[in-house]
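This report concerns only the one structure given below.
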Amino acid sequence: MGTGAQSSSEVYTSDSEKGFAINHSSSTPQDLDAGAKFVLVSRGSWLHCGYHLTTSIVGPVILTLPFSFTLLGWFGGVVWLILAGLITFYSYNLLSLVLEHHAHLGRRQLRFRDMARDILGPGWAKYYVGPLQFIICFGTVIGGPLVGGKSLKFIYQLYHPEGSMKLYQFIIICGVVTMLLAQLPSFHSLRHINLISLILCVTYATCLTIGSIYVGHLKDAPPRHYSVQGSDTDKLFGVFNGISIIATTYASGIIPEIQATLAPPVKGKMLKGLCVCYSVIVATYFSVAISGYWAFGNAAGATVLQNYIGKTKLLLPKWFFLMTNILILLQVFGLTAVYLQPTNELFETIFGDPNKGQFSMRNVVPRVLSRSISVAAATVFAAMLPFFPDIMALFGAFAFIPLDFILPMVFFNITFKPSKQSIIFWVNTLIGGGSSILVVIGGIASIRQIVLDAKTYSLFSDS
């Protein structure tokens with residue numbers, strides 16, 4: 001779908017100084033830098049865009065939603081889950097409108113750092129937006145083998161409870177698979193994988209919902225209470241932790257790169273893709289969060305799967321755990337492959353030669369080496385730091401929220417200059433300002449949690 005777009009007379013070329021693409025009908029594809037030319041191939045349809053968006057947002061992080069409700073309660077949890085969804089949909093649509101506006105003017109921006117360089121200036125792109133996005137993407141690549149390794153270990157222990165294999169060994173196995181996926185040449189080449197990923201996440205979300213409802217109706221179901229526990233200080237920090245957790249579940253951080261995969265003309269396609277994505281979000285987030293919190297109350301664990309394991313026995317059949325963990329494991333590989341793309345693009349820009357063929361030895365050798373070394377480093381970090389989710393909560397506060405909640409408002413207001421008397425100006429200002437406060441408080445709450453958990457940390461831990 002959309003594969004004939006390259007025959008269009010419109011060719012977008014990269015401007016390395018100003019960070020945007022310029023529409024030259026007389027240009028050739030060789031004017032693109034290697035990252036844009038080989039990784040951000042603009043051939044996709046709005047449906048492909050929907051697959052990419054869904055995979056970048058919906059993932060195993062939804063297992064934490066019932067836990068976030070233990071920090072916020074029924075009212076706070078449901079309200080913030082709805083509000084965060086509305087804000088991020090609005091925010092991502094604003095980013096899309098800004099990108100479409102510049103494409104219409106003949107300057108198609110292909111990357112988040114391109115937007116920052118064009119709209120805010122080169123310093124913002126080089127020292128703020130670029131590093132933030134790299135932290136998000138590389139952090140997610142670290143988290144992929146870690147989450148996959150834990151799922152693989154759980155499956156192993158399910159049938160070999162006395163087995164001798166350690167967590168780091170399963171992380172390495174997942175790292176090898178990720179390294180193979182990293183060699184896929186472009187973002188567009190993931191479209192079929194991401195369709196499968198979409199189906200997988202809907203399937204395991206359905207399994208989790210059914211599992212929670214089943215356990216909640218057992219005669220010996222665990223007792224459940226819905227009051228928020230802890231001291232006043234714990235409750236206060238818990239509220240901000242809960243807000244940060246839910247905000248992070250909606251986070252992407254790579255919206256411009258996803259829109260870059262669309263074949264021109266791009267107008268209106270991203271909105272359709274967002275509708276596909278948020279249809280999946282509504283179907284999965286609310287069912288998992290509400291059913292999990294209903295079944296376990298304030299005893300909901302860090303992931304809802306933990307609650308399916310009773311004190312003396314499994315509350316669900318072994319095959320349920322096997323199936324759910326296999327689905328999660330497979331979907332994690334797709335999600336990790338998506339977040340590899342911005343780092344792959346960066347390496348391709350640095351080491352690739354756009355004047356040579358994509359599969360020439362000149363480009364294949366540095367591509368394979370840079371991508372393999374990157375994934376190997378991420379796998380080592382995952383094996384060393386199995387407590388990495390605490391660190392990711394900190395990254396979420398300082399990186400995801402600025403890129404997904406603040407910068408879209410800033411980009412829109414600077415680009416379109418809405419009147420200060422208009423509703424949209426003040427809505428954007430309110431969201432941006434409130435999110436800035438959340439960055440500070442969420443960051444403090446995340447650091448506090450790291451300090452509290454520090455006594456349990458150990459390198460190459462087996463848990």
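Throughout, numbering of the chain's residues begins at 1 and tracks the sequence.
In this pair, Tyr278 and Phe89 present their aromatic rings perpendicular. The plane angle is above 60°, beyond the 30 to 60° band. Using the six-membered ring where Trp is involved, Phe112 and Phe411 have ring planes that are tilted, between 30° and 60° apart. Ring geometry for His52 versus Phe187: interplanar angle of 30 to 60°, hence tilted. Note on ring orientation: taking the six-membered ring where Trp is involved, the planes of Tyr156 and Phe170 are tilted (angle from 30° to 60°).
Under the side chain to side chain contact (heavy atoms under 4.5 Å, CB included) test applied with Gln341, the options Thr261, Ile258, Leu40, Leu190 reduce to a single match, Leu190.
A centroid separation of 6.0 Å or more is found between the aromatic rings of Phe400 and Tyr250.
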What verdict does the side-chain hydrogen bond (donor to acceptor under 3.5 Å, both in side chains) test give for Ser212 and Tyr308, after you've listed the backbone C-alpha separation in whole Å, the side-chain angles of each residue and the deciding distance to 0.1 Å?
CA-CA 8 Å; Ser212 294; Tyr308 299 153; 2.7 Å; yes

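Looking at heavy atoms from C-beta onward, Tyr339 lies out of side-chain contact with Phe138 at the 4.5 angstrom threshold. For the pair Tyr285/Val58, a side-chain contact is recorded, criterion being any heavy-atom separation below 4.5 Å from C-beta on. Residues Val364 and Arg367 have side chains in contact (heavy-atom distance under 4.5 Å, counting atoms from C-beta outward). In this structure the side chain of Asn93 reaches within 4.5 angstrom of the side chain of Leu271, judged on heavy atoms. Side-chain atoms of Pro256 and Leu99, non-hydrogen and from C-beta on, do get closer than 4.5 Å to each other. Side-chain contact between Ile62 and Thr249 is absent, with no heavy-atom pair separated by less than 4.5 Å. Taking the side chain as every heavy atom from C-beta outward, Leu438 and Phe405 never approach each other to under 4.5 Å. Within the 4.5 Å cutoff, side-chain heavy atoms of Ile119 are placed close to those of Val98.
Atom CG of residue Leu63 and atom OG1 of residue Thr324 lie 9.0 Å apart, to the nearest 0.5 angstrom. Here the straight-line distance linking atom SG of Cys49 with atom CG of Leu53 works out to 4.5 Å at 0.5 Å rounding. Rounding to the nearest 0.5 Å gives a distance of 9.5 Å between CE of Met409 and CD1 of Ile406. Atoms CZ and CZ, from Phe351 and Arg362 in turn, are 10.0 Å apart once rounded to the nearest 0.5 Å. Atom CD1 of Ile245 sits about 5.0 Å away from atom CZ of Phe67, to the nearest 0.5 Å. Here the straight-line distance linking atom CG of Leu180 with atom CZ of Arg371 works out to 13.0 Å at 0.5 Å rounding.
More than 12 heavy-atom neighbours from other residues, nucleotides or ligands sit within 6.0 angstrom of CZ on Phe416.
Ala205 and Thr284 get closest at one heavy-atom pair: CB-CG2, 3.6 Å.
In this structure, a donor-acceptor pair under 3.5 Å is present between the side chains of Gln183 and Ser372. Using modelled atom types and a 3.5 Å distance limit, the side chains of Gln358 and Asn363 yield no donor-acceptor pair. The closest side-chain donor-acceptor pair between Glu100 and Gln259, if any, does not fall under 3.5 angstrom.
Between Arg113 and Glu345 there is a salt bridge, with a side-chain nitrogen of the basic residue lying less than 4.0 Å from a carboxylate oxygen of the acidic one. The pair Asp114-Arg111 counts as a salt bridge, with a side-chain nitrogen and a carboxylate oxygen less than 4.0 angstrom apart.
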